[in-house]
Novice: 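Right, I'll just put the structure down here and ask away after.
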Amino acid sequence: MSLHLGDIAPDFTADTTDGEISFHAWKKGSWAVFFSHPADFTPVCTTELGRTAALEGEFEKRNTKAMALSVDPIEDHHGWAPDIGEVAGTPLNFPIVADPDRTVAELYDMIHPGEGDTSTVRSVFVVDPENILRLTLTYPKSVGRNFDEIIRVIDALQATDRDPISTPVDWQPGERVIVSPAMSTEDATARFDNVVEIKPYLRYADAPSS
Ligand code: BEZ
């Protein structure tokens, strides 16, 4: 199934390291980062899930929950969890879905046969509190993800939901933002500080305080 931004992220019920979870009920009212990895007991995946565990506080600040998935069985997830804790210096603190029959992986199109076998690639889905899909990323099996970028996009999505703004290239929280083209410069000046017009269609302003 091909998923597009703006779609409802499909609901599912699955066995996880935290017991049986229904996705929508589990994330109710929260943002979620739902991501797949190819296999348990593999090096890149261990670093990625360790980093996710270490980012627990950053996710909490953003009302965001993390959930991972692979097609390995639940026994393997439980066996691997201590390694993740050891590498991260933080125990595993988010659920890993066991999807041996590939039901959820196929629902989210996480298996890309050109990437070698029928395990999942490194897919990322950021889902908002209304269960709307807001970001998708797909990385090959050989390349670990940049979780700072995932956090940065959540910050940008939450900022652009709060105010009529967009974020420019390489934006980081606190940096200047772009005023929505739908807003007049007069209205922008009334709403934001230090509005500067570079082009009629490109106007920067100070980041509104959240
Ligand atoms: C890894 O996590 O290191 C990995 C897993 C599958 C393919 C390539 C790398």
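Numbers for residues simply follow the sequence, beginning at 1. Whatever order the structure lists them in is the order used to number ligands and atoms, beginning at 1. Values below: every heavy atom of this structure, side chains too, minus hydrogens, waters and symmetry copies.
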Novice: Compute the ring centroids of Phe34 and Tyr108, then answer whether they are less than 6.0 Å apart.
Specialist: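 Ring-ring flag for Phe34/Tyr108: true, centres closer than 6.0 Å.
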Novice: Once rounded to the nearest 0.5 Å, what's the spacing between atom OG1 of Thr167 and atom CG of Leu157?
Specialist: 8.0 Å
Novice: Kindly write out the residues that satisfy ring-ring contact (aromatic ring centres under 6.0 Å, His included) with Phe147, not counting sequence neighbours, or none if the list is empty.
Specialist: Phe35
Novice: Listing by chain and number, which residues have a heavy atom under 4.0 Å from ligand 1?
Specialist: Pro38, Thr42, Pro43, Val44, Cys45, Arg122, Lys141
Novice: Are any non-hydrogen side-chain atoms of Phe125 and Arg134 less than 4.5 angstrom apart?
Specialist: no
Novice: Count the heavy atoms of every other residue, nucleotide or ligand shown that sit under 6.0 Å from CG of Asp101, and state whether that count exceeds 12.
Specialist: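 Buried by this count: over 12 neighbours within 6.0 Å.
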Novice: Does NZ or CZ of Lys65 come closer than 6.0 Å to the centre of the six-membered ring of Trp26, within 45° of the ring's axis?
Specialist: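 Cation-pi check for Lys65 and Trp26: passes.
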